[in-house]
Peer 1: 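Okay, handing you the structure first.
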2 protein chains.
Amino acid sequence: MNGVKKKATIKDVALRAEVSPTTVSMVLNGKSAALPESTCERVRAAAAELNYSADVLARALVTKKTNIVGVVVPDISNAFFSEAVRHIQVEIARYGYDIILCNSEERAESDERYISLLAGRNVDGLILTPSAESFTAENAEKIKRLLAGLHVPYLFFDRYYTDGGTRVAVDNEASSYAATQYLLENGHKKIGVIAGPLTLNSSRNRLKGVRRALSERGLSLSDEFVYEGRYDFATGVNGGEMLLKKDVTAIFAFSDMQAYGVYESAKRAGKRIPDDVSVMGFDDNIYSSVLEVPLSTMRQPVETIAKEVCRSILALIENKEAEAPACCPARLVRRSSVADISKN
Amino acid sequence: MNGVKKKATIKDVALRAEVSPTTVSMVLNGKSAALPESTCERVRAAAAELNYSADVLARALVTKKTNIVGVVVPDISNAFFSEAVRHIQVEIARYGYDIILCNSEERAESDERYISLLAGRNVDGLILTPSAESFTAENAEKIKRLLAGLHVPYLFFDRYYTDGGTRVAVDNEASSYAATQYLLENGHKKIGVIAGPLTLNSSRNRLKGVRRALSERGLSLSDEFVYEGRYDFATGVNGGEMLLKKDVTAIFAFSDMQAYGVYESAKRAGKRIPDDVSVMGFDDNIYSSVLEVPLSTMRQPVETIAKEVCRSILALIENKEAEAPACCPARLVRRSSVADISKN
DNA sequence: TCGATTTACTAAAACGATTTACTACGCTAT
DNA sequence: ATAGCGTAGTAAATCGTTTTAGTAAATCGA
């Protein structure tokens, strides 16, 4: 009963159960096939009495398994990522894994630094959403080389390189195709688009979907109706301002956050939503249903994606073999920000 | 050049530099006071050539230092926590620490499980926001006992037990005092409050602040004007509905999310903000400035708080001595959701 | 010149597990 | 009688560091 009592080690348990550490280890790790139940019982009792649990560091040192996966996202305070990370953490905890979380703040240099750092921590796997910067040809090459040299299973989440690597993302092309169809069905022909960085596959594929839907109706999207920026509020404001001047009847923003910016720009321009201009978003943040004019948007199945991320990375950790890319479909959420002008 | 080359160990470096592992360790850890520069140079060169970096697991095993801090929050997808965690991660990384993130999903059982788990991972420190459940007398006792037995430095962030433990939080009492004063200055006397769980010090102290401001003007807040719930949207809707029936002129919601709910309830009741009822929030989420009627609110200085959290936990890790509680002041953000009715 | 000190370095013990390769014993079958 | 085998374990190596307690040689002071 004196002061700080140290954690019991496997030796303490061995001593108390009057067996060797080897035996303790085997019993506690379920490798006791060859041992009589009486011994196992003694060991388990001793372990319980001493409140023993194996030191994870010592164990990891010999087994080369930490049960940690590293997660690198551009910005956890972005609603999409925070929700995804929450689901990932909760889900992967069920398999006995913890996550070390890193924010790259959209900087390629941080991606590199964190990836190396996590590998140095002997994580069992890596879940990556590279920063926008990491999609320039040069940076992409660096990241890919870095990962190849690491021998740590990794997977791309939401953003990915097209030439290899396991990935889990929403089906961007199909989703924005659906969104555009919805706009078309409501009579919109003059559509403006606010995209995220076109270096990202997410934005490029969403744009592709828009173009496909349009061309199927014999329409096309000229470049001057596409405003490229980031996925943030300010981009929405600027893009909205620019597109409103061109008298579009609908604006499709590639993120809800951008859509909020469009609302702001409409307010400034004295235009009402959806009477003067329709707005369509992408993500379905919790806030989108709360707006004065609830936003029509494509809902990302964040929980499904998160679970798929976990399933894939665990598979990679176990098999060390490439997984097929997983594409999850987004769902159209019709609210009030899109007006039907087909009868006009 | 054959296949997978293994990571270089300290022995490899020692061999190449023609010294002992001891020497390598000392040089690379800056304990080379007694060694001639020539040797140091040789060791450093060898290390560089082999691309050597010490295995953190092996090191942690002997030094008892992991450079990891555990973070347990109720819900990372809550904007306040996600922003806080982002700043915490970025800041603490500057000191060479990583964070393992856990979501308790507001469940006491998860708090216990994660705290034990993180301690078992030999984290150097713990940053905790206990779930609402963990504030019942019984659960609180359990958590406190658990922490006391762990010998891991820990700190409470945002929510805390009043009887001990280092803590970092916004000055809730002063903040809501200021908010209430603002309401009073604008002529509001019949004020309704939507609180979070009153088991949480944050809610209790905010309520205290309201009462103090009111009583200084000879007013008081009767219980029927206080709606207790959670910090979420649904609580705002329900509380708003209830309070609007009592013809309050202003509603002070203890979170922005609740305030959004109040907006919704006002819309349903056909009341305009701020013409028919004023609304005040708390947090200043990024969305609050985006609303059709931008929300007046108390802005939590999240980055400041996060930095203070890092400073404190690092101090605790180094000194192992209690830190003074840190209280950060919130700032009043005046927007359009509060009307001046003092001239009526 | 000799003992004491300084310089430059190292052997070996930890840290706390897992894992491989044994051993000692009793029993059976030939 | 003994080879062979199953049972019930264990000793010792290993993982890759840090750290303690030295030592051997060179230098210094008197």
Side-chain angles (χ1 to χ4, degrees), chain A residues 4-44 46-47 50-68 96 119-124 151, chain B residues 4-44 46-47 50-68 96 119-124 151:
Chain A
V4 178
K5 47 176 176 288
K6 309 218 50 131
K7 242 184 95 189
T9 74
I10 198 171
K11 280 187 192 168
D12 302 327
V13 179
L15 228 55
R16 177 173 262 257
E18 301 186 289
V19 293
S20 72
T22 308
T23 304
V24 175
S25 173
M26 302 195 103
V27 170
L28 266 27
N29 290 306
K31 293 176 183 159
S32 48
L35 298 179
E37 189 51 30
S38 60
T39 309
C40 295
E41 214 29 76
R42 260 206 344 281
V43 169
R44 275 191 284 265
L50 295 175
N51 193 21
Y52 170 79
S53 68
D55 184 302
V56 291
L57 291 172
R59 170 180 291 162
L61 183 58
V62 21
T63 60
K64 299 294 161 212
K65 184 124 197 339
T66 52
N67 276 41
I68 294 180
R121 280 215 184 272
N122 300 291
V123 296
D124 293 337
H151 309 294
Chain B
V4 179
K5 48 175 176 285
K6 308 218 53 129
K7 243 187 94 188
T9 76
I10 200 171
K11 279 186 192 168
D12 301 327
V13 179
L15 229 55
R16 178 174 264 256
E18 302 184 287
V19 294
S20 71
T22 308
T23 305
V24 175
S25 175
M26 304 197 102
V27 170
L28 266 26
N29 290 306
K31 294 177 183 158
S32 48
L35 299 179
E37 189 51 30
S38 60
T39 308
C40 295
E41 214 29 75
R42 249 191 12 265
V43 168
R44 276 192 282 267
L50 295 176
N51 193 21
Y52 171 78
S53 67
D55 183 301
V56 290
L57 290 172
R59 169 180 291 162
L61 183 57
V62 21
T63 60
K64 299 294 161 211
K65 186 128 198 331
T66 52
N67 276 42
I68 295 181
R121 281 216 183 270
N122 301 291
V123 295
D124 293 336
H151 309 294

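Protein chains get the first letters and strands the later ones, always in sequence-line order, with residue 1 at the start of each. Computed from heavy atoms alone, side chains included, the values below leave out hydrogens, waters and symmetry copies.
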Peer 1: Taking all heavy atoms of A:Leu57 and all of B:Ala60, pick out the closest pair and write down the distance.
Peer 2: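 In terms of heavy atoms, the two residues are closest at CD1-CB, 3.7 Å.
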
Peer 1: Could you measure the distance from the OG1 atom of B:Thr66 to the CZ atom of A:Arg121? Nearest 0.5 Å is fine.
Peer 2: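 Going from the OG1 atom of B:Thr66 to the CZ atom of A:Arg121 covers 6.5 Å.
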
Peer 1: Quick test: give all pairs of protein nitrogen or oxygen and nucleotides 7-11 of chain D nitrogen or oxygen below 3.5 Å, distance rounded to 0.1 Å.
Peer 2:
residue	atom	partner	partner atom	Å
D:dG9	OP2	A:Thr39	OG1	2.5
D:dT10	OP1	A:Ser20	N	3.4
D:dT10	OP2	A:Ser20	N	2.7
D:dT10	OP2	A:Ser20	OG	2.8
D:dT10	OP2	A:Thr23	OG1	2.7
D:dA11	N6	A:Thr22	OG1	2.8

Peer 1: Can you see which heavy atom on A:Val19 is nearest to which on A:Val43, and at what distance?
Peer 2: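 That would be CG2-CG2, 4.0 Å.
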
Peer 1: Please write out each protein N/O paired with an N/O of nucleotides 24-27 of chain C under 3.5 Å, distance rounded to 0.1 Å.
Peer 2:
none

Peer 1: Can you confirm whether B:Lys11 is buried at NZ, in the sense that more than 12 heavy atoms of other residues, nucleotides or ligands lie under 6.0 Å from that atom?
Peer 2: no

Peer 1: Kindly give the heavy-atom pair with the smallest separation between B:Tyr52 and B:Thr9, and that separation in Å.
Peer 2: CE1-C, 3.4 Å

Peer 1: Can you name the nearest heavy-atom pair linking A:Asp124 to A:Asn67, along with the distance?
Peer 2: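 Looking at all heavy atoms of both residues, the shortest contact is OD2-N, 2.6 Å.
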
Peer 1: Of the non-hydrogen atoms in A:Ile10 and A:Pro21, which two are nearest, and what is the gap between them?
Peer 2: CD1-O, 3.6 Å

Peer 1: Side chains of A:Ser20 and A:Thr23: do they bring a donor and an acceptor to under 3.5 Å?
Peer 2: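 Present: a donor and an acceptor within the cut-off.
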
Peer 1: Rounded off to whole Å, could you give me the CD-to-P distance for the B:Glu41 and C:dC9 pair?
Peer 2: 14 Å

Peer 1: CG/A:Asp12 to NZ/A:Lys7 distance, rounded to the nearest 0.5 angstrom?
Peer 2: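 Nearest 0.5 Å value for the CG-NZ distance: 11.0 Å.
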
Peer 1: Expressed as a whole number of angstroms, how long is the span from B:Leu28:CG to D:dT18:C1'?
Peer 2: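 Rounded to whole Å, this separation is 12 Å.
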
Peer 1: Kindly check if the number of other-residue, nucleotide or ligand heavy atoms within 6.0 Å of CD (A:Glu18) is above 12?
Peer 2: no

Peer 1: Distances under 3.5 Å between protein N/O atoms and the N/O atoms of nucleotides 14-17 of chain C, please, pair by pair.
Peer 2:
residue	atom	partner	partner atom	Å
C:dG16	N2	A:Ala58	O	3.4
C:dA17	OP1	A:Tyr52	OH	3.0
C:dA17	OP1	A:Asp55	N	2.6
C:dA17	OP2	A:Ile10	N	2.7
C:dA17	O5'	A:Tyr52	OH	3.4

